[in-house]
Asker: 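Below are the structure tokens for one structure; questions will follow.
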Amino acid sequence: MEQKASADSAATTPTVAAEAKAKPTTATRVRLTQEQLNAVVARHEAFARSRPGGARAILKLYDLSGLDLSGRVLAGADLTGTRLVGTRLNGTDLQGASLFGSDLRRAQMVRANFGRADMRGVLLRGAMMAGCNLMQADLRNGMLMNAAGGDLRPMVQMSAQADLSDAVLARSNLSQAKISDSFVLQTDLRDTCLRGSKLMRADLRNADLTGCDMEGADLSEANLSGAKLEGANLSRTVMRHTKLEGANMLGALTDGVDLTTARLTGARLAEARALYGEELAEILEQHDAWVVSNGKNGKRADLSGRDLSGLDLSGVNLSAAVLRTAKIRAANLSGASLVTADMSLADLRGATLFEADLRGVNLHRASMDEADLSSARLGPLVITGGHQWPADLSRARMRKTILVTADLSKAKLAGADLEGADLSGARLSGANLMNAMLADAELAGARMDGTDLRGAQGL
């Protein structure tokens, strides 16, 4: 929309209009005022809605740094090579837009929509992109070229890699995105969705991928040295010659992952050691004595990283026990006492906790898909002085979990994934469900008085 933009401003700013008619170069970028940009975007929004007088925004190689485009519709716009340093794009719709080679350093883009956008070679260093939609976005290499003297030469000075270093992309959706060969050093990708993404040869050194869902992603030859992968879902990821030196993978799900060619020196892996028979009986006996004597006798059970999968532990007393990163898949814990137990990052998929006492339990980032917690007690524990210690299930994965008539009063469920969960008749009074996923969840008869549902999705 270079010609349209100049036409809009010709009556008041002929100098800008004359510059806009000429093809911008690295030396003479066209700079728009906020008022001029608003006029261009208004025409584009009319174009996007098929209204009269609309025209697609073509702003390639313009300088829009520091301007405000928050909440505007720029789907399908051409922003190739545009300078957007420090620009505000919070909640902006950029679906299918061309941002090839654009400079978005330090831009504010919280909850912006970049679905299917062409973002090859973009500069995102220090950008704030929490909660963005980047589904199917292309973030691979890119270099703007121009014919000069019969040769192709760079039009703008830029890295051959998309630079996402130091960007904050926490809770963003990058499923099926193409990020191969990109520079993602020290980027905050906590709790992002990278399902099925192409990350071959991507530089993810020291990136924070805590709780990230990377199921089915291709990480061949990617560099994840020093990366934080606690509680990440790495199921069925491709890890051919992947560098994982010094990476923290505690509590990560690695179903169907072949690590034989990966470089794992110094990596902290979620390798659970089986526990059963006499060793388990001795630990439980010592723990029971520790609980009964209020810590004077026996020994507190520490089952961190141990494999209890498939065991019958019904009625067991593991109150205040440590089960961090433990593998407890399909185990039977019906009627068990797990009051204030530390079960953070534990794998409880398919486990049965019917009528279990889980008051004040720590299940932060635990994986509990399809577990049965019907009639479980997950309310707060009243401690000395009448204070209440709530159960912590924040960021827990609880897809299709059965929570029928469970007591979750005052429970911390912020950011929990409860997609398809059955909460029929559950007590959620005073619970914190901020930013939780509740798509297809059954809430019939649930008590919701005082429940914090700010930012919850799927209701």
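These numbers were taken from a predicted model, which means no experiment stands behind them. Note that these values count all heavy atoms, side chains included, but never hydrogens, waters or copies made by symmetry.
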Asker: Nearest heavy-atom pair of V73 and H44: which atoms, and what distance?
Answerer: O-CD2, 3.3 Å
Asker: Can you tell me which residue among R88, M109, Q108 is in a side chain to side chain contact (heavy atoms under 4.5 Å, CB included) with M128?
Answerer: Q108
Asker: Check L459 against L438 and note the closest heavy-atom contact, atom names and distance.
Answerer: CD2-CD1, 3.5 Å
Asker: Check whether any side-chain N or O of Q36 sits under 3.5 Å from a backbone N or O of T33 as a donor-acceptor pair, and report yes or no.
Answerer: yes
Asker: Give, for atom CG of L244 and atom CG of L204, the distance between the pair rounded to the nearest 0.5 Å.
Answerer: 10.5 Å
Asker: Tell me whether R56 contacts the main-chain N or O of G76 through its side chain, where contact means a donor paired with an acceptor under 3.5 Å.
Answerer: yes
Asker: Give me the atom names and distance for the closest heavy-atom approach of T352 to S334.
Answerer: CG2-OG, 3.2 Å
Asker: Between D166 and R106, does at least one N-O distance fall below 4.0 Å, as a salt bridge requires?
Answerer: no
Asker: Just so I know, are the side chains of E230 and L345 near enough to count as touching, which here means a heavy-atom distance under 4.5 Å?
Answerer: yes
Asker: Is any NZ, NE, NH1 or NH2 atom of the basic residue among R349 and D369 found under 4.0 Å from an Asp or Glu carboxylate oxygen of the other?
Answerer: no
Asker: Check step by step if side-chain hydrogen bond (donor to acceptor under 3.5 Å, both in side chains) holds for R324 and S344.
Answerer: CA-CA 5 Å; R324 180 177 166 81; S344 56; 3.0 Å; yes
Asker: Checking S172 side chain against C132 main chain: does a donor-acceptor pair fall under 3.5 Å?
Answerer: yes
Asker: Distance-only, no hydrogens or angles: does the S424 side chain make a donor-acceptor pair with backbone N or O of L443 under 3.5 Å?
Answerer: no
Asker: Applying side-chain hydrogen bond (donor to acceptor under 3.5 Å, both in side chains) between D417 and each of Q457, R395, R399, report the one that passes.
Answerer: R399
Asker: Under the criterion salt bridge (Lys or Arg N to Asp or Glu O under 4.0 Å), I'd like the reasoning laid out for E279 against R306: C-alpha separation, chi angles, the key distance, then a yes or no.
Answerer: CA-CA 12 Å; E279 183 183 6; R306 303 303 296 269; 3.2 Å; yes
Asker: Determine yes or no for a side-chain-to-main-chain donor-acceptor pair under 3.5 angstrom, with D118 supplying the side chain and R120 the backbone.
Answerer: yes
Asker: Minimum heavy-atom separation for L59 and T82, please, with both atom names.
Answerer: O-OG1, 2.8 Å
Asker: Tell me yes or no: between the side chains of S180 and R201, is some donor less than 3.5 Å from an acceptor?
Answerer: no
Asker: Is the side chain of D312 donor-acceptor paired with the backbone N or O of S314 at a distance under 3.5 Å, no angle test?
Answerer: yes
Asker: Any sub-3.5 Å donor-acceptor pair from Q186's side-chain atoms to N206's backbone N or O?
Answerer: no
Asker: To check you understand the geometry: which heavy-atom pair defines the closest contact between V257 and R236, and what is its length?
Answerer: CG2-N, 3.7 Å
Asker: Whether K60 and D78 form a salt bridge (side-chain N of Lys/Arg under 4.0 Å from carboxylate O of Asp/Glu) is what I want to check.
Answerer: yes
Asker: Under the rule for ring-ring contact (aromatic ring centres under 6.0 Å, His included), what residues qualify as partners of H364, not counting sequence neighbours?
Answerer: none
Asker: Where do A326 and L303 come nearest, in terms of heavy atoms and distance?
Answerer: CB-O, 3.6 Å
Asker: Examine distances only and state if a side-chain atom of S319 and a backbone atom of A341 form a donor-acceptor pair shorter than 3.5 Å.
Answerer: no
Asker: Under a plain distance cut-off of 3.5 Å, with no hydrogens placed, do E245 and S225 share a side-chain donor-acceptor pair?
Answerer: yes
Asker: Tell me every residue that passes ring-ring contact (aromatic ring centres under 6.0 Å, His included) with F354, counting only those two or more places apart in sequence or in another chain.
Answerer: none
Asker: D452 side chain to R454 main-chain N or O, any donor-acceptor pair under 3.5 Å?
Answerer: yes
Asker: To the nearest 0.5 angstrom, please state how far the CZ atom of R125 sits from the CG atom of D103.
Answerer: 10.5 Å
Asker: Consider only side-chain N and O atoms of S98 and T80, and report whether a donor and an acceptor are under 3.5 Å apart.
Answerer: yes
Asker: Quick one: which of R171, R365, R397 gives a salt bridge (charged side-chain N to carboxylate O under 4.0 Å, His left out) with D191?
Answerer: R365
Asker: Identify whether the distance between the nearest side-chain nitrogen and carboxylate oxygen of K198 and D218 falls below 4.0 Å.
Answerer: no
Asker: Between S197 (side chain only) and L174 (backbone N and O only), is there a donor and an acceptor less than 3.5 Å apart?
Answerer: yes
